[in-house]
Amino acid sequence: MKLWRVDFPFQNIMRVLILFTVSYSFGQSNVQTLLSRAKLDSINQYFLLSNQDSLSIDYRLQNITSFLEGALLFEQDSLIYKGLMRKTRLLGQKKVYDTAIIYSHQLYDLAKKNIDTTYMIKAFSKLGIYHKNDNQLNNAFKYYNEAFKLSRIINDTLKTGDILLKMANIQVSLGDYSGSKTTAIDGVKYLEKTNYLKRLSGLYHIISVGNRVQKDYKEALKYNEYALRLGKDSLAIKTIGVKNILIFKNTKALILANQENYQQAIELLKTLESNTIVKRDKREYARVLNNLGYILWLENKENNNSEAILLRALKMREEIHHVEGMMSSNIALTKYYLEKDKIKALYHAETAYQNAKKRHNLTSILEALDFIFKLRGNTNEEARIYSQIHNELEEVNQSNREIYAVTKYENDNLTNENLVLKAQKAQQESETARQRSQKIMYLLGTVILALSGGFVFYLLQQRYKREKIREVYDAETRISKKLHDELANDVYNVMVQIQNEQNSPDVLDKLEEIYNTTRDISREHNSFTTGENYAAELTNMLSGYSSNETKIIIKDIEDVNWESVDPEKKIIVHRTLQELMINMKKHSEAGLVAVTFKKTLKNVGITYADNGIGVSEKEIIHSNGLRNAENRIKTIGGSFIFDSEKGKGFRARISFPN
């Protein structure tokens, strides 16, 4: 390789000298043509070597690097495109995804500079691929969504459908089956009238899988049949791919098993097990074996063959180091041993959990932890991880759904706007330059006026919200003071008089109860600072609910820059957390409460979790305290998300713009 790099400039120098000596004979234009050809010949050999599959990937990467150096030296964008496309592909094959991502960004920057939509789409697609392969699924979804935007704009229906399939697959990996169905159905709209059978069948399969997981087995079977029906002849099967057809049949067996049609499912899987193509593909063969062993067990819990088949599938997946397959096998074995052998069940659940953590597979982490809780009990650390992963997964899925929804809305509007722009352009071409200038000036004036009006309206709206929050706070403070200074003190005086004069214990006990109640109400609505000591005062309020039976953990409250948060938002946060702590004290019987603060670029997030008795969904709906807390957060543009079940504690996530 070093010889190539030494020869490269020397060869060019020699070519230039030769061309210079013959310039008088051939003329300047001919010399320039010959010079360009010499440049191309000198670097094209590197590109050819980089495309030789028989050579090692490292050697091919060295050659494509030399090719790119030459392309950059000659400032040939078309060659730079070729070089970056090839280099990213080779880096992807070598699984050096972080470097592949860097060069994909270079590809996008060049395409953006040249306003080259085709290569911008290719760059975004590559960023989607490499982030997905690196298990950065949320980033992969975002880049695919950018590719979807552009392909939609240039009316490339095949590319649009292909990208939507990739996005739907990511949503399945993240456990967002509702979102994946929505995305896949949109993809079908682009491809159903085309001959792009491989992608169309994949979209039908995604819809089928989503319906199966959501237990709509009739719809699942219908879309599975749609996918299989596309492979109606040998040519169609070749287009779709034999392996994909086998995957669709495997899914059909699972749907049949879900419908308790075990015999049909087993017969179909045994047919696949004996298929020579399946046997040659160890990954697919292990999938068939795992499903067969599991369904045999579902049909008959005393079936002695199930365990051997499941273990055989696991061993095969371990031999080829198919981590996702190993997780699936371990979960199946956990279910198999759950009632037979708790020790083995726990071993497979923990193995699945460790592999899921390595791959950062959020859905598999949650599934494995759920079994670990059942088998070993709920430890604080694992409960924290479970809550953290659950929240992370929910945030990613919600973010992906919002990203795609906004993109669809923008593209629909863009289509309408393009029609208007074309009509305006035709009209403008017939007018003079002066008239066009006038229209531009009018338009700018209108925009400035509209923006100014909108900005003023926004300021007034925000001031009104702040005033309302402040009014509520002042009213609560006045009530608190009045309760403490007047009612509570009056009750206390009466207690003293009765104690001195009548010595009636029953009356005294009732009056003391009234006094304590008014004092508690006063404390719940007393005033507090929203200035520089806010964090300390908030900490004191939360810690005040600690007792011998209940431990309060407050984490990372100092990480939030409270000075940048509006006073009205601080009031809402204080009252909302106070409402949660009161609710915990009255109802939860919690021994441990954790309140965690997190500051991001645009938001402040607060997570509340306790290990109390939890509440049902019906109790949450009818809880005035929780509804009040939710309504408070909404007034500052935030969100308040509950997560609780009977016997599994209570969790809430608060988020608001800082």
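If you check the side chains of Lys87 and Thr65, you find a donor sitting under 3.5 Å from an acceptor. Under the 3.5 Å distance criterion, with hydrogens and angles disregarded, a donor-acceptor pair is assigned to the side chains of Ser329 and Arg317. Side-chain polar atoms of Tyr285 and Arg312 form a donor-acceptor pair below 3.5 angstrom.
Between Glu219 and Lys222, at least one side-chain N (NZ, or NE/NH1/NH2) sits under 4.0 Å from a carboxylate O, which counts as a salt bridge. No salt bridge links Lys315 with Glu318; every basic N to acidic carboxylate O contact stays at or beyond 4.0 Å. Between Lys189 and Asp186 a salt bridge is recorded (basic side-chain N to carboxylate O distance below 4.0 Å). By the 4.0 Å N-to-carboxylate-O rule, Asp162 lies close enough to Lys166 to be salt-bridged with it. The pair Lys95-Asp134 fails the salt-bridge criterion, with no side-chain N (NZ, NE, NH1 or NH2) lying under 4.0 Å from an Asp/Glu carboxylate O. Ion pair Lys340/Glu307 not flagged as a salt bridge, since none of the NZ, NE, NH1 or NH2 atoms sits closer than 4.0 Å to an Asp/Glu carboxylate oxygen. The pair Glu267-Lys270 does not count as a salt bridge, with every side-chain nitrogen at least 4.0 angstrom from each carboxylate oxygen. The pair Asp643-Arg653 fails the salt-bridge criterion, with no side-chain N (NZ, NE, NH1 or NH2) lying under 4.0 Å from an Asp/Glu carboxylate O.
No side-chain heavy atom of Leu346 sits under 4.5 Å from any side-chain heavy atom of Lys342.
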